Number of protein chains: 2
Amino acid sequence: MQPKLKDIAKQLGVSTATVSNVLSGKGRVSEETRKLISEKIREIGYRPGGPGRALRTGRSGVLGLVLPDISNPLFPAFAQAIEAAASRTGHGILIADSHGDPIAQTEALQRMIQRGADGIVIVPCRGTQVSSLSLPIAIIDSAATPGNSVCADHFQGGRMAVEHLQGLGHKRLVLLGHSRRSSVQTARIAGMEAALEPGTRADVFWLEEAAPDFAALAGEGATAFAATSDLHALTALTRLQGAGMSVPGDVSVLGFDDLSFSAQITPGLTTLAQNMPEIAAAAVQHLLLQLDEAPLPAPRLIPMKLLVRGSTGPAPNDPKQNKTTQQGDVTT
Amino acid sequence: MQPKLKDIAKQLGVSTATVSNVLSGKGRVSEETRKLISEKIREIGYRPGGPGRALRTGRSGVLGLVLPDISNPLFPAFAQAIEAAASRTGHGILIADSHGDPIAQTEALQRMIQRGADGIVIVPCRGTQVSSLSLPIAIIDSAATPGNSVCADHFQGGRMAVEHLQGLGHKRLVLLGHSRRSSVQTARIAGMEAALEPGTRADVFWLEEAAPDFAALAGEGATAFAATSDLHALTALTRLQGAGMSVPGDVSVLGFDDLSFSAQITPGLTTLAQNMPEIAAAAVQHLLLQLDEAPLPAPRLIPMKLLVRGSTGPAPNDPKQNKTTQQGDVTT
DNA sequence: CTGTTAGCGCATTCAC
DNA sequence: GTGAATGCGCTAACAG
């Protein structure tokens, strides 16, 4: 049995209210008894129990995190960042997986409310409109999503990707997305296309619909592949390497999200990384501000960051270029 | 304001006890009023609030999950499996990251207790002995860890890895671990070594201590690389491919854990996968049994599964072998 | 400055 | 078969 507030009070001959005051630092307590009580608290390692406190104050100190796919390789970095941001303010994180199913998502939200979550961070399923609830919500999706609270600037990330490639002299690009139903991926591709200079050609493939033959594309003159995810960039890279092409000698490859393996492979994968700590911090702050009845903060767009590694290099047969591959990461 | 039990009772002119009885299905309630009440409950979408229930029953319906590194690429599959297993019994999951720090780990455990977790699944930090607590605990580490509740059979996985390679005619192996302080990795390497037949040579490298030149090793006669993680297998594979070697033509590569990218690359990575759903289910069941005051279940060892993909093939210059690479996954 | 009291939402006695 | 009363652990008002 964990010690209760009452136990402390009884052992010291004071009232539970006084002990509670010491814990919260709110009421007025003499320095003397304060010392005495805090001493005792440390001694027996007392911690105020969550449920009792939650019932009384209406705050559980727990935030919900609802995701469409926990097994997404981007999830670890994201969950870690959210957990860290929440920990910093003394909050716990309750997770749920909606498996991309809007019904499961609604159910998950209800369960978080039921469990007493103080607020919910949600990465919505594709095409889902999160109806407003009776507690603070932070939506992380893409800038185009109505009600979006925070997200990486996927469009600008796409621009930077193509600018980087064009800066290296590439004029024939292949843009790789997985699903055009993903608002994040369409934003990235749109950004890529927006950065296209006259004279640069770019072909878009949605892998969900049709898988192109990467080596054949390279054979037809494409010199750079830009994927909306490192996962697909890796698929392209290994396939090209396996077909005997040199990366980045013959062809450059670029991805998004700086997944766990991206720095581990040879050559290292040039990628556009989301600033997870900042996104997470913004999402949590978004929630806490709402809890304090502050006005709803404006949506935030967090810039993406280009991590130049070894997988991108000068386009072959481009006399203007003489850049060399750098050692390690170079950030822009 | 969410509807309360009292609201329902008042609107229907019954007592809160009756409503509660309907919810739990425990007390005796006439079929008539039961219909009436459950109708009302559905109508206004009432859900019993967690904190109140937790306070009264001592059960929160929430399980804690404490991990040494949320950003580990194995985490998504693991978290998803735990979440699914917990959901199946109506439980929520509270996550915490100990960042490999024993002090943070203890702190995380205390916070879960404080928050009212009914039990905790923990993957301990290296070398940490989890002291027994006042609530159910399930430890997932390696069979050698005292108090271990469930884990994959890493040793057997290691055996299978080497047996698979030897079966393909490989006689010069390179075994790759990251850290010898990891009990999981040492178990896998030990299993690999235990399966060595006379005449097979295997060199072990711990990448944390010294990074070998993979291509040079292959040049000296090694024909197969077995890593304790797909991440390091991928490092080896891309480096070998980049050096112009053919996988699996010249050299085979094998990993562990079937990470997200393993099936996506070319060639697909042959790997030993943990049965996450079963491990997760066992861990959760371990907790629930303890909650029911059942005797502590015996530790469980879950077998690992060999997923044969394209990265392993017959050893070169081995006339006895004539196996061909299979299409897709072949499980053993 | 400190103690007493009441009640957060719910499940469980025990009378009726 | 149903309702009134009680208390889980805690904090916020209010008395003292």
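Letters go in sequence order (proteins before strands), and every chain restarts at 1. Only this structure's heavy atoms are used, side chains among them; waters, hydrogens and symmetry mates stay out. Here the structure is a predicted model, which means the values were calculated and not measured.
- For the pair A/Leu23 and A/Ile41, the minimum side-chain heavy-atom distance is below 4.5 Å.
- Under the side-chain contact (heavy atoms from CB on, under 4.5 Å) rule, B/His91 has a single partner from B/Asp118, B/Ile82, B/Val62, B/Val284, which is B/Asp118.
- Overall bending of the helix from C/dC1-D/dG16 to C/dC16-D/dG1, expressed as the angle between end axes built from five pairs apiece, is 50° (10° steps).
- Under the 3.5 Å distance criterion, with hydrogens and angles disregarded, no donor-acceptor pair is assigned to the side chains of A/Asn148 and A/Ser142.
- Looking only at atom types and distance, the side chain of A/Gln2 has a donor-acceptor partner in the side chain of B/Ser134 under 3.5 Å away.
- Side-chain contact between B/Pro48 and B/Leu5 is absent, with no heavy-atom pair separated by less than 4.5 Å.
- Using a 4.5 Å heavy-atom threshold, the side chains of A/Asn72 and A/Phe78 count as separate.
- Residues B/Arg59 and B/Leu291 have side chains in contact (heavy-atom distance under 4.5 Å, counting atoms from C-beta outward).
- Nucleotides of DNA chain C lying under 4.0 Å from heavy atoms of chain A occupy a range whose first and last members, 5' to 3', are C/dC1 to C/dG9.
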- Item | Where protein sits on nucleotides 10-16 of chain D, one letter per nucleotide: B base, S sugar-phosphate only, - none, heavy atoms under 4.0 Å | BBB----

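- For the residue pair A/Ser179 / A/Ser182, no side-chain donor-acceptor distance below 3.5 Å is found, with atom types taken as modelled.
- Backbone-only contact: B/Gly13 has heavy atoms under 4.0 Å from sugar-phosphate atoms and none from a base.
- Side chains of A/Val121 and A/Leu63 form no contact here, defined as non-hydrogen atoms less than 4.5 Å apart.
- Nearest-nucleotide positions on DNA chain C for A/Thr18 and A/Leu55 put A/Thr18 closer to the 5' end.
- Between A/Asp153 and A/Ile302 there is no side-chain heavy-atom pair separated by less than 4.5 Å.
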